[in-house]
Number of protein chains: 2
Amino acid sequence: MSSRSADPLTLEVVELIGTVVARYHEEYEHAAAQHSLTGAQARVLNVLALEPMPMRRIARTLRCEPSNVTGIVDRLEARGLVERRPDPSDRRVKLAAPTDEGRATAGRLRDALDFAREPLAGLSVAERTLLRDLLRRMLGEPGA
Amino acid sequence: MSSRSADPLTLEVVELIGTVVARYHEEYEHAAAQHSLTGAQARVLNVLALEPMPMRRIARTLRCEPSNVTGIVDRLEARGLVERRPDPSDRRVKLAAPTDEGRATAGRLRDALDFAREPLAGLSVAERTLLRDLLRRMLGEPGA
DNA sequence: TATTGTTATACTCTATAACTATA
DNA sequence: TATAGTTATAGAGTATAACAATA
C-alpha cells in the first residue's frame, strides 16, 4: 500500500498540480479580499450570479452543511450583495439571489482572476487545446 | 478592464483548472480527516516530515501568521505527532519536529493522496511529459 | 412524517496587537 | 532595539444537533 508511485515523472506532475492549486487559492483569496469578501462569501456570490437558488442547493453545490450557508448569506445580505426571496411554489424554501450590486461585484471578481488567464496567454492555441484535452482526461470528463 | 478573455478555449481551461483545484482540496481534506486531522494540521505535519524547522519558518512556508502556527503545533503536539525542541544556537527558537508516529502518519497521508496519481495513470509517459511541460510553462518555472 | 431553513453550540483557522525571553 | 514565540482577542468557517414552519 505504501510508496505506490515511485515514478519521478508522475511525482513531478503531482507536485506541479499542487503548485497550481496553491497559486489558484492565493489569487482567489486575494481577489475576494479586494472586495472585502472572504473566499467562502466569494464562492457563494459566484454560484448565485450564475443562477439564484434555494439555500439547501447552495450547500450541496459547495459541499458544506446547510447551517453554514445561513451565516454566509446573512453576511452577504447585510452588505446588500444578496437577497432572500420567497419561493412561490414552496413556502418552506428561500431563494437566494444576487442584487444588482452583487452581480456587478461577481463580475469584477471574475475579471480579477487573472491566474489562469495571463499565464495561458503564453501558450499557443494548439498548446492550450492540448492542455485542455489532458486535463479533461485527467478529470475523467466526457469528451476525453 | 471587463470581460478580457472572451476566448472560449481559454475559459474552458480556466474552468478545468478550477475543477482540478476543487477536487484536489476535497481529496486532501478527506485524507486528513481519515487521520482525524484538519487540512491545516496535515499541511504542517507534511512540511515538518520533510524537514524540522523553527515555528517562524513554518509560518512563512504556509504563508500565515506565526501566531496561528502556535495553535496548530499545540494540537499536533497534544496528539504526539510533533514535538518542540530547543535550538542550541539560539535560545529564542523552538524547532518543531515530527515524532516517529508523526512521520508514519505523514507517510500514510501522502499515500492517500491518490488524486493526481490514479488519473495520471491513464496518461502515457509522453502525455505526462507534455502535461508537465505545459504546467511548468503556465507556472513560469525554470526549464519551461 | 419528511423537508427547509434556522438557531445553538463547540471547535478550528485566521489576523492583529501586546507580551516574554532572548539576542 | 530587534527578533522568536506566545497569549489575548475577535471574526469567520465548519459540523452536529435540535427547532419552527411547511409539505
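In the text below, chain A, chain B and the rest are named by the order of the sequence lines, each starting its count at 1.
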Query raised in the report: Rounded to the nearest Å, what distance is computed from the NZ atom of residue Lys94(A) to the C1' atom of nucleotide dT7(C)?
Result: 11 Å
Requested in this report: Begin from the C-alpha positions of Val82(A) and Thr99(A) and carry the test side-chain contact (heavy atoms from CB on, under 4.5 Å) through to its verdict.
Outcome: CA-CA 5 Å; Val82(A) 161; Thr99(A) 62; 5.7 Å; no
Query raised in the report: Rounded to whole angstroms, how far apart are CZ on Arg57(B) and C1' on dG5(D)?
Result: 16 Å
Query raised in the report: Under a 4.5 Å side-chain heavy-atom rule over Ile, Leu, Val, Met, Phe, Trp and Tyr, are Leu135(B) and Val14(B) clustered together?
Result: yes
Query - Sugar-phosphate, base or nothing in reach of Arg43(B), heavy atoms under 4.0 Å - result: nothing
Query raised in the report: Just how far, in rounded Å, is P of dT3(C) from CZ of Arg60(A)?
Result: 12 Å
Query raised in the report: What does nucleotides 17-23 of chain D look like as a protein-contact string, B for base, S for sugar-phosphate only, - for none, at under 4.0 angstrom between heavy atoms?
Result: ----BBS
Requested in this report: Whole angstrom is fine here: how far is it from CD in Gln41(A) over to C1' in dT14(D)?
Outcome: 14 Å
Query raised in the report: In whole angstrom, what separates Leu37(B)'s CG from dC11(C)'s P?
Result: 18 Å
Requested in this report: Pick out which of Asp133(B), Leu130(B), Leu131(B) makes a side chain to side chain contact (heavy atoms under 4.5 Å, CB included) with Leu130(A).
Outcome: Leu130(B)
Query raised in the report: In terms of hydrophobic clusters joined by side-chain contacts under 4.5 Å, are Met53(A) and Leu45(A) together?
Result: yes
**Report entry** Phosphate-side-chain proximity, Arg85(A) and dG5(C), N/O vs OP1/OP2 below 4.0 Å
**Finding:** no
Query raised in the report: Taking the side chain of Asn68(B) as heavy atoms from C-beta outward, which of dG5(C), dG5(D), dA15(C) is closest to it?
Result: dA15(C)
Query raised in the report: Looking at CG of Leu62(B) and SG of Cys64(B), how far apart are the two atoms once the value is rounded to the nearest 0.5 Å?
Result: 5.5 Å
Report task. Can you tell me the distance, in whole Å, between the CZ atom of Arg56(B) and the P atom of dA23(C)? Result -> 16 Å
**Report entry** Co-members of Leu95(A) in a cluster of I, L, V, M, F, W and Y side chains, linked at under 4.5 Å
**Finding:** Val93(A)
Query raised in the report: Is DNA chain C part of any stem, that is, at least 3 consecutive Watson-Crick or G-U pairs with both distances under 3.5 Å, and where?
Result: C:1-23 with D:1-23
Requested in this report: Mind calculating the distance between CZ (Arg63(A)) and P (dA15(D)) to the nearest angstrom?
Outcome: 12 Å
Report task. Test salt bridge (charged side-chain N to carboxylate O under 4.0 Å, His left out) on Arg79(B) and Glu77(B) and set out the steps. Result -> CA-CA 5 Å; Arg79(B) 292 188 43 193; Glu77(B) 196 168 31; over 6 Å; no
**Report entry** Hydrophobic cluster identity match, Val13(B) and Leu16(A), side-chain contacts under 4.5 Å
**Finding:** yes
Query - Reported CD1-to-CD distance for the pair Ile17(B) and Glu12(B), which is rounded to 0.5 angstrom - result: 11.5 Å
Report task. Mind calculating the distance between CG (Asp74(A)) and P (dT7(C)) to the nearest angstrom? Result -> 7 Å
